2 protein chains.
Amino acid sequence: MARKRFDDMPCSIAQTLNLVGDWWTLLIIRDAFFGARRFAEFETRLGIAKNILANRLSQLVENGIMQKVDIGQTGTHYAYELTEKGRDLFPVLTALRQWGDKWVYGEGCAPMDVIERKSGRPLARMVPLGADGTPVALEDLEIRLKEKS
Amino acid sequence: MARKRFDDMPCSIAQTLNLVGDWWTLLIIRDAFFGARRFAEFETRLGIAKNILANRLSQLVENGIMQKVDIGQTGTHYAYELTEKGRDLFPVLTALRQWGDKWVYGEGCAPMDVIERKSGRPLARMVPLGADGTPVALEDLEIRLKEKS
DNA sequence: CCGTATCCATTCCGATACTG
DNA sequence: CAGTATCGGAATGGATACGG
């Protein structure tokens, strides 16, 4: 990435893909959610080449999705942490995961579960809700484009 | 795509990205949600090269995310429609869009709104919920990997 | 430990031309 | 209208070697 190909598309989906739609980027963010913090940790977990990882991490930092924290006294140890902007991608990852759970592996066969400790149970399936809190029907949706000023 | 690079990762996120994580694929699906059906329609809206579009559409059909319907008498007019599997990607697109609304454009400045006709109001922000229906805290989550059999 | 620099093979993508 | 075929340039990604 980041090919700047979708830069001029006035669409939040295209713009978001521009920032995290890369082949590796979302997996890096996934592992960050799952506890990875160090360069070598991402490298090992993902099996990604060093240069690619360095490139993606610096882009994520540049875009404010992760931050680089110095954790050594000598300035040779760093941690990469999700910012609030990055943590706010959790719904995206959850939606992707739940779709794969259902359509790739099938219900009950997913290779990992995300459990809420409080209840000991998996998260509820994410569903788009209307303003009144009830699930929306696709047929009832209307796209409204903002006019140019 | 579809580079088969993530094929062996036992992870629903990686597997889903394998199917729709391509640069163009999610935008094709987006336009399908927004009403595009014909080959030329996707071509024009996206500004994508014919061969790339043909490739992506055939993969989507192959993967059961879209279906190709003959709508001409002569067999020269087709429509591409989302299957149930494809329509079930709506939460993914919604999560991506809402993140971009907030973090790329800022609240109230998004270039498009998705309105529920019934209420005339935008969809609610998608948030992962626990089993009890309340929003989850990231700190309260635990990843549980399935053991091999 | 955390990168950068370089090389090379592969792939991607757009443009164009052509077919039914 | 809905593709297929081909071509060349660009970018990607992996491996390796090197440096702070």
Side-chain angles (χ1 to χ4, degrees), chain A residues 1-9 14 17-32 35-63 66-81, chain B residues 1-9 14 17-29 31-32 35-62 66-81:
Chain A
M1 108 100 163
R3 260 167 310 186
K4 296 307 182 182
R5 207 158 357 120
F6 301 151
D7 262 16
D8 51 347
M9 286 195 192
L17 291 177
N18 230 355
L19 297 181
V20 301
D22 180 77
W23 280 107
W24 283 114
T25 302
L26 274 172
L27 293 182
I28 292 172
I29 295 170
R30 174 200 66 177
D31 280 357
R37 291 165 44 88
R38 308 292 294 280
F39 186 95
E41 218 169 344
F42 290 104
E43 194 183 355
T44 305
R45 290 203 199 194
L46 292 168
I48 186 178
K50 281 169 175 300
N51 49 355
I52 307 294
L53 176 59
N55 176 278
R56 297 301 186 274
L57 283 174
S58 70
Q59 284 172 3
L60 285 167
V61 170
E62 193 177 323
N63 290 328
M66 300 189 83
Q67 54 188 335
K68 184 176 181 176
V69 179
D70 193 329
I71 57 172
Q73 301 85 331
T74 56
T76 59
H77 291 60
Y78 304 95
Y80 291 88
E81 302 173 351
Chain B
M1 108 98 165
R3 262 167 306 189
K4 297 308 183 184
R5 208 157 356 120
F6 300 151
D7 262 16
D8 51 348
M9 285 193 193
L17 290 177
N18 230 355
L19 297 181
V20 300
D22 179 77
W23 281 105
W24 283 115
T25 302
L26 273 173
L27 293 182
I28 292 171
I29 294 169
D31 280 357
R37 292 164 44 88
R38 309 292 294 280
F39 187 93
E41 218 170 343
F42 289 104
E43 194 184 355
T44 304
R45 291 203 201 195
L46 291 170
I48 187 179
K50 280 170 173 299
N51 48 357
I52 308 295
L53 177 59
N55 176 278
R56 296 303 185 274
L57 283 174
S58 71
Q59 284 171 2
L60 285 166
V61 170
E62 195 176 322
M66 300 188 83
Q67 54 188 335
K68 183 176 180 176
V69 180
D70 193 328
I71 57 172
Q73 302 85 331
T74 55
T76 59
H77 290 61
Y78 304 94
Y80 291 88
E81 301 172 353

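Just so we're clear, the structure is a prediction, and the values are computed from it rather than from any experiment.
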S.K.: The side chain of B:A54 is closest to which nucleotide in this list: C:dC1, C:dG14, D:dG3?
M.R.: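 Nearest nucleotide to the side chain: D:dG3.
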S.K.: I need the minimum non-hydrogen distance between A:D70 and A:H77, along with the two atoms involved.
M.R.: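 Heavy-atom minimum between the residues: OD1-O, 3.3 Å.
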S.K.: Below 3.5 Å, can you tabulate the donor-acceptor pairs from side chains in residues 42-53 of chain A to any protein atom, sequence neighbours excluded?
M.R.:
{"residue": "A:T44", "atom": "OG1", "partner": "A:A40", "partner atom": "O", "Å": "2.9"}

S.K.: Under the 3.5 angstrom rule, does the side chain of A:N18 hit a backbone N or O of A:A14 as a donor-acceptor pair?
M.R.: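 Side chain of A:N18 to backbone of A:A14: no pair is present.
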S.K.: Tell me: NZ of B:K50 to P of C:dC18, nearest whole Å?
M.R.: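 Taking atom P of C:dC18 as the reference, NZ of B:K50 is at 14 Å.
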S.K.: From the set D:dG13, C:dC13, D:dA2, return the single nucleotide nearest to any side-chain atom of B:F39.
M.R.: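 The closest nucleotide is D:dA2.
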S.K.: Please report the distance, rounded to the nearest Å, between CG in A:L53 and P in C:dC2.
M.R.: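 Rounding to the nearest Å, CG of A:L53 and P of C:dC2 are 10 Å apart.
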S.K.: Looking only at heavy atoms, what is the nearest atom pair of A:G35 and A:E41, with distance?
M.R.: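 A:G35 and A:E41 have their closest heavy atoms at O-OE2, 3.9 Å.
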S.K.: Which residues pass the side-chain hydrogen bond (donor to acceptor under 3.5 Å, both in side chains) test with B:E81, sequence neighbours left out?
M.R.: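 Only B:R37 meet the side-chain hydrogen bond (donor to acceptor under 3.5 Å, both in side chains) criterion with B:E81.
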S.K.: Excluding sequence neighbours, so at least two apart, what forms salt bridge (Lys or Arg N to Asp or Glu O under 4.0 Å) with B:E62?
M.R.: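 Salt bridge (Lys or Arg N to Asp or Glu O under 4.0 Å) check on B:E62 returns nothing, list empty.
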S.K.: Within this structure, what is the CD1-to-C1' distance between B:I48 and C:dG14, rounded to whole angstrom?
M.R.: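 From B:I48 CD1 to C:dG14 C1': 10 Å.
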S.K.: Mind calculating the distance between CD (A:E43) and C1' (C:dC2) to the nearest angstrom?
M.R.: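 Distance, rounded to whole Å: 9 Å.
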S.K.: Mind calculating the distance between CD1 (B:I52) and C1' (D:dA5) to the nearest angstrom?
M.R.: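 Distance, rounded to whole Å: 13 Å.
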S.K.: Can you name the side-chain hydrogen bond (donor to acceptor under 3.5 Å, both in side chains) partners of A:R38, sequence neighbours left out?
M.R.: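 Expected list: none.
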S.K.: Cation over ring, B:K68 on B:Y80, under 6.0 Å and within 45°?
M.R.: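 That pair does not qualify as a cation-pi contact.
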S.K.: What is the distance from CZ of A:F6 to C1' of D:dA11, rounded to the nearest Å?
M.R.: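 About 14 Å, once rounded to whole Å.
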S.K.: Whole-Å distance between D:dG14 P and A:N55 CG?
M.R.: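 So the two atoms are 12 Å apart, to the nearest Å.
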S.K.: With a 4.0 Å cut-off on heavy atoms, is A:F42 in touch with a base, just the backbone sugar-phosphate, or nothing at all?
M.R.: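 Here A:F42 touches no strand at all.
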S.K.: Using heavy-atom distances to pick each residue's nearest nucleotide on DNA chain C, tell me which of B:A49 and A:Y80 is more 5'.
M.R.: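 Checking each residue's closest nucleotide, the 5'-ward one belongs to A:Y80.
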S.K.: Quick one: A:I71 CD1 to C:dC1 P, roughly how many Å, whole number?
M.R.: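 The distance from CD1 of A:I71 to P of C:dC1 comes to 11 Å, rounded to the nearest Å.
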S.K.: As a check on the pairing definition, encode DNA chain C in dot-bracket form, counting Watson-Crick and G-U wobble pairs whose two distances are under 3.5 Å, and using | for partners outside this strand.
M.R.: |.||||||||||||||||||
S.K.: Look at the side-chain N and O atoms of A:R38 and state whether any lies under 4.0 Å from the OP1 or OP2 oxygen of C:dC1.
M.R.: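 So the side chain of A:R38 is outside the cut-off, no N or O lying under 4.0 Å from OP1 or OP2 of C:dC1.
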S.K.: Does A:W24 place a side-chain N or O at less than 4.0 Å from the phosphate oxygens OP1/OP2 of D:dG14?
M.R.: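 Yes, within the criterion.
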S.K.: Could you list the protein-to-nucleotides 6-10 of chain C atom pairs, N/O on both sides, closer than 3.5 Å?
M.R.:
{"residue": "C:dT6", "atom": "O4", "partner": "A:N51", "partner atom": "ND2", "Å": "3.1"}

S.K.: Please determine, for the side chain of B:H77, which listed nucleotide (D:dC1, C:dC13, C:dC2) has the closest atom?
M.R.: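 Taking heavy atoms from C-beta onward, the closest nucleotide is D:dC1.
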S.K.: Which nucleotide, D:dC1, C:dG3, C:dC13, lies nearest any side-chain atom of B:A40?
M.R.: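 Output: D:dC1.
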S.K.: Is there a side-chain contact between B:L27 and A:M9, using heavy atoms and a 4.5 Å cut-off?
M.R.: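 Yes, side chains in contact.
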